[in-house]
Participant: 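Please find one structure pasted underneath; my questions will follow.
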There are 2 protein chains.
Amino acid sequence: MLSNACKYAIRSILYLSLYSDKTKKIGVKKIADELETPQPFLAKLLQQLTKSKLVTSTKGPNGGFYLSEANQKNSIWDIVENIDGPNKFNQCFLGLSKCEDENPCPVHYIAAPFKNKILANFRDKTISQFSSEIIDTDKVLSLKDYDALKQE
Amino acid sequence: MLSNACKYAIRSILYLSLYSDKTKKIGVKKIADELETPQPFLAKLLQQLTKSKLVTSTKGPNGGFYLSEANQKNSIWDIVENIDGPNKFNQCFLGLSKCEDENPCPVHYIAAPFKNKILANFRDKTISQFSSEIIDTDKVLSLKDYDALKQE
DNA sequence: ACTAAAAAAGATATTTTTATCTTGATTTAT
DNA sequence: ATAAATCAAGATAAAAATATCTTTTTTAGT
Ligand code: FES
Ligand code: FES
């Protein structure tokens, strides 16, 4: 559904939302390590997200990435839109050129409600609301520890 | 979500289910034309589907592709499994290595029901049931005519 | 000033997906 | 038998996504 790039982006931003702020920046190395994503690829991605004002960065020693107050007010949808483009959730599941209630493809009424629901969920909550929820309901951004645990 | 190849495959098979049988085979050219898919790519794909026993073909004049009785009894899921692999609908939406209720990612409870419902829909109906439904409820496999209409 | 840390920028490489092209094999109809 | 139609098979190409590498710029701390 989403590209790898987009998945990395969402998890990185949620990670930054949870663990960084203006006074506590985090470097690519750390982020890539925690989220188990390819480091140089993530670096490029964060570069792009910074340019798009979805994350904030500073250079130099003690520099790194963090979410500003403004960044926290964006939505997951803003990320998807930026990385995978604005049509990610209004395309036909079977590849027709349009997805509409008139001329529905055979799976339209199965797929469309979910696309709409996911879209709504992604659009109507801010990153910071999302991350509060992550804390409250104990969600995970990486299975690093879990995987490590399993190996024992 | 699904690869182009898989979308083409599903639409082709539904098309064959609707319009072909043992006595009325249809060639790649016709199918590609009707569904507006790249012809040589579809040819390769149908070749693979034939090898996988999801469609049936015969060579020579009046040859072409059709769905045998056995082919009609397969499900959409069989197609997806064959083209995009068996893990298409149990992967984490955010790219975690596992998607399970324990250790859910932040969007798990939004995305997982969707994946399950689609999976169920794709697995529990045969191709022929699907195509009956297509006729009864007037679904479309291509927007060819619709698009042409719009241009006027 | 100097050094080291860190991101930014740009170039390159690899892999996967999508697509096409060419040749060969099979079958039907004449 | 021969010719024409049609799929099969294999080779190749093009495009997109994923990933890496190298160099430059900025900045904090000494
Ligand atoms: S038309 Fe296919 S999903 Fe809406
Ligand atoms: S864990 Fe991410 S979708 Fe289930």
Side-chain angles (χ1 to χ4, degrees), chain A residues 1-12 16 20 22-33 35-68 71 80 82-85 87-88 91 95, chain B residues 1-12 16 20 22-33 35-68 71 80 82-85 87-88 91 95:
Chain A
M1 178 106 229
L2 302 176
S3 65
N4 283 356
C6 193
K7 292 172 188 168
Y8 299 160
I10 293 174
R11 291 203 285 140
S12 297
L16 288 173
S20 81
K22 195 168 17 188
T23 70
K24 189 176 157 207
K25 294 149 197 166
I26 306 182
V28 210
K29 198 136 97 183
K30 171 81 171 165
I31 303 172
D33 209 59
L35 301 182
E36 297 187 290
T37 60
Q39 207 215 89
F41 189 69
L42 189 64
K44 266 292 171 224
L45 196 53
L46 286 170
Q47 209 173 301
Q48 178 182 347
L49 292 171
T50 302
K51 239 196 261 180
S52 312
K53 315 271 190 198
L54 291 168
V55 318
T56 307
S57 72
T58 65
K59 294 180 177 180
N62 299 314
F65 298 90
Y66 68 100
L67 293 201
S68 68
N71 296 151
V80 175
N82 188 262
I83 305 290
D84 280 351
N87 296 316
K88 200 69 195 192
Q91 278 166 336
Chain B
M1 178 108 232
L2 303 175
S3 66
N4 282 355
C6 193
K7 291 173 188 169
Y8 298 161
I10 294 173
R11 292 203 285 140
S12 297
L16 288 173
S20 82
K22 196 169 16 191
T23 71
K24 190 176 157 205
K25 293 150 197 165
I26 306 182
V28 211
K29 197 135 97 182
K30 172 81 170 164
I31 303 172
D33 209 58
L35 301 182
E36 298 187 289
T37 59
Q39 208 215 90
F41 189 70
L42 189 63
K44 266 291 172 227
L45 195 54
L46 287 169
Q47 209 173 301
Q48 178 182 347
L49 293 170
T50 302
K51 238 196 263 181
S52 311
K53 315 270 191 199
L54 291 169
V55 317
T56 306
S57 71
T58 64
K59 293 180 177 179
N62 300 315
F65 298 91
Y66 69 100
L67 293 199
S68 68
N71 297 151
V80 175
N82 188 263
I83 305 291
D84 281 351
N87 296 315
K88 199 68 194 194
Q91 278 165 336

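In what follows, every heavy atom counts, from backbone to side chain, and hydrogens, waters and symmetry copies are set aside. Residue numbers start from 1 in every chain, and the chains themselves are labelled A, B, ... in the order their sequence lines are given, proteins ahead of strands.
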Participant: Might you point out which heavy atoms bring S57(B) and T50(B) nearest each other, and give the distance in Å?
Facilitator: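 The pair with the smallest heavy-atom distance is OG-CG2, 3.5 Å.
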
Participant: Just the rounded figure in Å: distance from P of dG10(D) to CG of L45(B).
Facilitator: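 These atoms are roughly 17 Å apart.
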
Participant: Within this structure, what is the CZ-to-P distance between F65(B) and dT6(D), rounded to whole angstrom?
Facilitator: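 So the two atoms are 12 Å apart, to the nearest Å.
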
Participant: Kindly write out the residues that satisfy side-chain contact (heavy atoms from CB on, under 4.5 Å) with K30(B), not counting sequence neighbours, or none if the list is empty.
Facilitator: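 For K30(B), the residues satisfying side-chain contact (heavy atoms from CB on, under 4.5 Å) (neighbours in sequence not counted) are Y15(B), I26(B), E34(B).
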
Participant: I need the CG-C1' distance between L2(A) and dA17(D), as an integer number of Å.
Facilitator: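 Between C1' of dA17(D) and CG of L2(A): 14 Å.
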
Participant: Residues two or more places apart in sequence or in another chain: which of them pass salt bridge (Lys or Arg N to Asp or Glu O under 4.0 Å) with K88(B)?
Facilitator: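 If we apply the salt bridge (Lys or Arg N to Asp or Glu O under 4.0 Å) test to K88(B), skipping adjacent residues, the hits are D84(B).
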
Participant: Applying side-chain contact (heavy atoms from CB on, under 4.5 Å), can you list everything that pairs with M1(B), at least two apart in sequence or on another chain?
Facilitator: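 Result, side-chain contact (heavy atoms from CB on, under 4.5 Å) vs M1(B): M1(A), F93(A), F89(B), F114(B).
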
Participant: Would you mind reporting whether L49(B) and I83(B) have side-chain heavy atoms less than 4.5 Å apart?
Facilitator: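 Yes, at least one pair of side-chain atoms sits under 4.5 Å.
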
Participant: Round to the nearest Å and state the distance from Q48(A) atom CD to dT18(D) atom P.
Facilitator: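 Checked: the CD to P distance equals 12 Å.
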
Participant: Identify the pairs formed between an N or O of the protein and an N or O of nucleotides 19-22 of chain D at a distance under 3.5 Å, and give each distance.
Facilitator:
residue: dA19(D); atom: OP2; partner: Y8(A); partner atom: OH; Å: 3.1

Participant: Under 4.0 Å, counting only non-hydrogen atoms across every strand here, what does I26(B) touch: a base, just sugar-phosphate, or nothing?
Facilitator: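 Counting heavy atoms under 4.0 Å across all strands, the contact made by I26(B) is with sugar-phosphate only.
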
Participant: Measure the shortest side-chain to side-chain distance between T58(B) and K25(B) over non-hydrogen atoms and say whether it is less than 4.5 angstrom.
Facilitator: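 Heavy-atom side-chain distance check passes, below 4.5 Å.
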
Participant: Near DNA chain C, which residues from residues 50-58 of chain A have a heavy atom under 4.0 Å away?
Facilitator: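 Within residues 50-58 of chain A, the residues near DNA chain C are T50(A), K51(A), S57(A), T58(A).
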
Participant: Hey, where on DNA chain C does chain A first and last touch, going 5' to 3'? Cut-off is any atom under 4.0 Å from a heavy atom.
Facilitator: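 First-to-last contact on DNA chain C, by the 4.0 Å heavy-atom rule, is dA4(C) to dA11(C).
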
Participant: side-chain hydrogen bond (donor to acceptor under 3.5 Å, both in side chains) with S52(A): which residues, sequence neighbours excluded?
Facilitator: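 Testing S52(A) for side-chain hydrogen bond (donor to acceptor under 3.5 Å, both in side chains), a comparison that skips the adjacent residues, returns N82(A).
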
Participant: Does I10(B) form a side chain to side chain contact (heavy atoms under 4.5 Å, CB included) with L2(B)? I'd like the steps, not just the answer.
Facilitator: CA-CA 10 Å; I10(B) 294 173; L2(B) 303 175; 3.8 Å; yes

Participant: Kindly compute the distance separating CG (L67(A)) from NZ (K22(A)), expressed to the nearest 0.5 Å.
Facilitator: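 Reported value, rounded in 0.5 Å steps: 12.5 Å.
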
Participant: Heavy-atom distance under 4.5 Å between the side chains of L45(B) and S12(B), does that happen here?
Facilitator: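 When only atoms from C-beta onward are counted, S12(B) and L45(B) do not touch, as no gap falls below 4.5 Å.
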
Participant: Identify all pairs in which a protein N or O lies below 3.5 Å from an N or O of nucleotides 28-30 of chain D, and state each distance.
Facilitator:
none

Participant: Report the distance from atom CD of Q47(A) to atom C1' of dT24(D), rounded to the nearest whole Å.
Facilitator: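 Interatomic distance, CD of Q47(A) to C1' of dT24(D): 12 Å.
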
Participant: For a 4.5 angstrom cut-off between non-hydrogen side-chain atoms, does I31(B) reach Q39(B)?
Facilitator: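 No; the side chains remain at least 4.5 Å from each other.
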
Participant: With sequence neighbours excluded, what pairs up with S68(B) under the side-chain contact (heavy atoms from CB on, under 4.5 Å) test?
Facilitator: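 Result, side-chain contact (heavy atoms from CB on, under 4.5 Å) vs S68(B): T56(B), Y66(B), A70(B), N71(B).
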
Participant: Want to settle it: does G27(A) or S3(B) sit nearer the 5' end of DNA chain C, counting the closest nucleotide to each?
Facilitator: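 Between the two, 5'-proximity favours G27(A).
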
Participant: Excluding sequence neighbours, so at least two apart, what forms ring-ring contact (aromatic ring centres under 6.0 Å, His included) with F41(B)?
Facilitator: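 F41(B): ring-ring contact (aromatic ring centres under 6.0 Å, His included) contacts with Y8(B).
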
